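Structure, as structure tokens:
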Amino acid sequence: MGTAELTILMPCLNEAKTLPACIGQAFAFFARTGVSGEVLVSDNGSTDGSQRVAQSLGARVIDAPQPGYGAALIAGIAHARGKYIIMGDSDGSYDFSALDAYLAELRGGGELVMGNRFRGGIASGAMPPLHRYLGNPVLSFIGRLFFRTRIGDFHCGLRGFSREAILKLNLVSSGMEFASEMVAKAALAGLRLAEVPTTLRPDGRDRPPHLRTWRDGWRHLLFMLLFCPRWLFLFPGITLLLSGVIGFALLANGTLLFGNIGLDIHSLLYMAGAVMLGTQFIQLALLTKGVGVLSGIVPKPRWFAFAEKYLRIEAGLLIGFCLVAAGLAWSAKLVVDWGQTGYGALSPGQFMRSAIPALTLMVIGLQAAAGALFAGALLLCWNSAPRPVPQ
């Protein structure tokens, strides 16, 4: 589809005041560098005449009917004619005449080139203090931790990329969390990422910003948590499971004393809860990752091939059956032991020390079996869903 080297893509929603300067800067960049390119405005339902303004200045305008920042960019990427795309907000906060570093990185093989406003400079009044000192640094740190990338500014609105590489990521977020999705998927897919210093200026709008601090910040965080279930489910689940198992082992033979504090069967109940919750969290991590891989939202990790080969539905059912059987056998032994005493009064301290782990085995066994059946239902639905026929 590409007929130019570079598309400068601007999402737009009522930006008639600032579009002339942005479009003028973009064409000035083309004129100065001799780059073959186009300015593409992806309009998201403007009512202030932004479309006419953009067309009158020589930009190509497309309509992005689905509302949302991400939806406008997804539509723009689909319609872009350039081999490379540099996207940026059309509110005057970025200088489109100074894109040399971006294009140089793209020509050098970079598949996603991020701007870093903290390295390039943030002019006075360009970013609210809450975003500058808390929101962006915290979310960017979480992004680096979750997705093992060195990108320092996950949410910079000025970024360049290879159109072909980004289309393969199957980006789907329609809102502001699109910014996080692009970096996260690029990192997971192993794309070549680069970063260049970028200056952020106060925007020129005379209306409230589209960004909503707490709502959009939460969406970014939620997206990263769901997109990386090892931090949301797996690591907490492993921690809970290990804590519970260690607690069971320490309390198996009697009261555990820490100075004047003694832990006994009451603590054993909490250990059982930790084991059950931990098992459930680990199962949710596997199911979440599986759904993401099946739907194409996340790339298939290396361990997934092993899981497909060995961790089948039947294996989950077998594991669940064995755990339930072990718990039932343990419980049956407790009943036999009780019968040998004439079914009289039981000592809670002795009886519950075995009854609690026996019940725990049965519960996590049923969890494993139910999770395997649920995974089977998901797989059946996915394989039965109609697929578009290639033209």
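Numbers here simply count residues along the sequence, with the first being 1. Quick note: numbers below take in every heavy atom, side chains included, and nothing from hydrogens, waters or symmetry partners. This structure is a prediction, so every number in the text was calculated from the model and none was measured.
Applying the side-chain contact (heavy atoms from CB on, under 4.5 Å) rule to Leu328 yields the partners Val324, Met362; only residues at least two apart in sequence or on another chain are considered. Residues forming a side chain to side chain donor-acceptor pair (under 3.5 Å) with Ser50 (at least two apart in sequence, or on another chain): Asp48. The side chain to side chain donor-acceptor pair (under 3.5 Å) check on Thr360 picks up nothing, with sequence neighbours excluded. Ala375 is linked by a side-chain contact (heavy atoms from CB on, under 4.5 Å) to Leu287, counting only residues two or more places apart in sequence or in another chain. Residues passing the side chain to side chain donor-acceptor pair (under 3.5 Å) test with Asp337 are Lys333, sequence neighbours excluded. With sequence neighbours excluded, the residues satisfying side-chain contact (heavy atoms from CB on, under 4.5 Å) with Val363 are Met276, Leu359, Gln367.
Sorted by first then second residue, the side chain to side chain donor-acceptor pair (under 3.5 Å) pairs that include residues 239-250, not counting sequence neighbours, number zero. Within the structure, the ring-ring contact (aromatic ring centres under 6.0 Å, His included) test picks out the following pairs touching residues 321-367 (sequence neighbours left out): Trp338-Tyr343. Sorted by first and then second residue, the salt bridge (Lys or Arg N to Asp or Glu O under 4.0 Å) pairs involving residues 228-240 (not counting sequence neighbours) form an empty list. Applying the side chain to side chain donor-acceptor pair (under 3.5 Å) test to pairs two or more places apart or on separate chains, those with a residue in residues 191-200 are Tyr102-Thr198, Asn116-Glu195.
Test Arg163, Arg81, Arg107 against Glu5 for salt bridge (Lys or Arg N to Asp or Glu O under 4.0 Å) and you get one pass: Arg107. With Ile86 as the fixed residue, the side chain to side chain contact (heavy atoms under 4.5 Å, CB included) test singles out one of Leu106, Thr7, Val113: Leu106.
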Side chains of residues 143-151: which donor-acceptor pairs under 3.5 Å do they make with residues two or more places apart or in other chains?
unit_1, atom_1, unit_2, atom_2, d
Arg144, NH1, Ile151, O, 3.4
Thr149, OG1, Ile151, N, 3.4

Please set out all donor-acceptor pairs under 3.5 angstrom arising from side-chain atoms of residues 262-271, sequence neighbours excluded.
unit_1, atom_1, unit_2, atom_2, d
Asp264, OD1, Arg353, NH1, 3.4
Asp264, OD1, Arg353, NH2, 2.6
Asp264, OD2, Thr255, OG1, 2.7

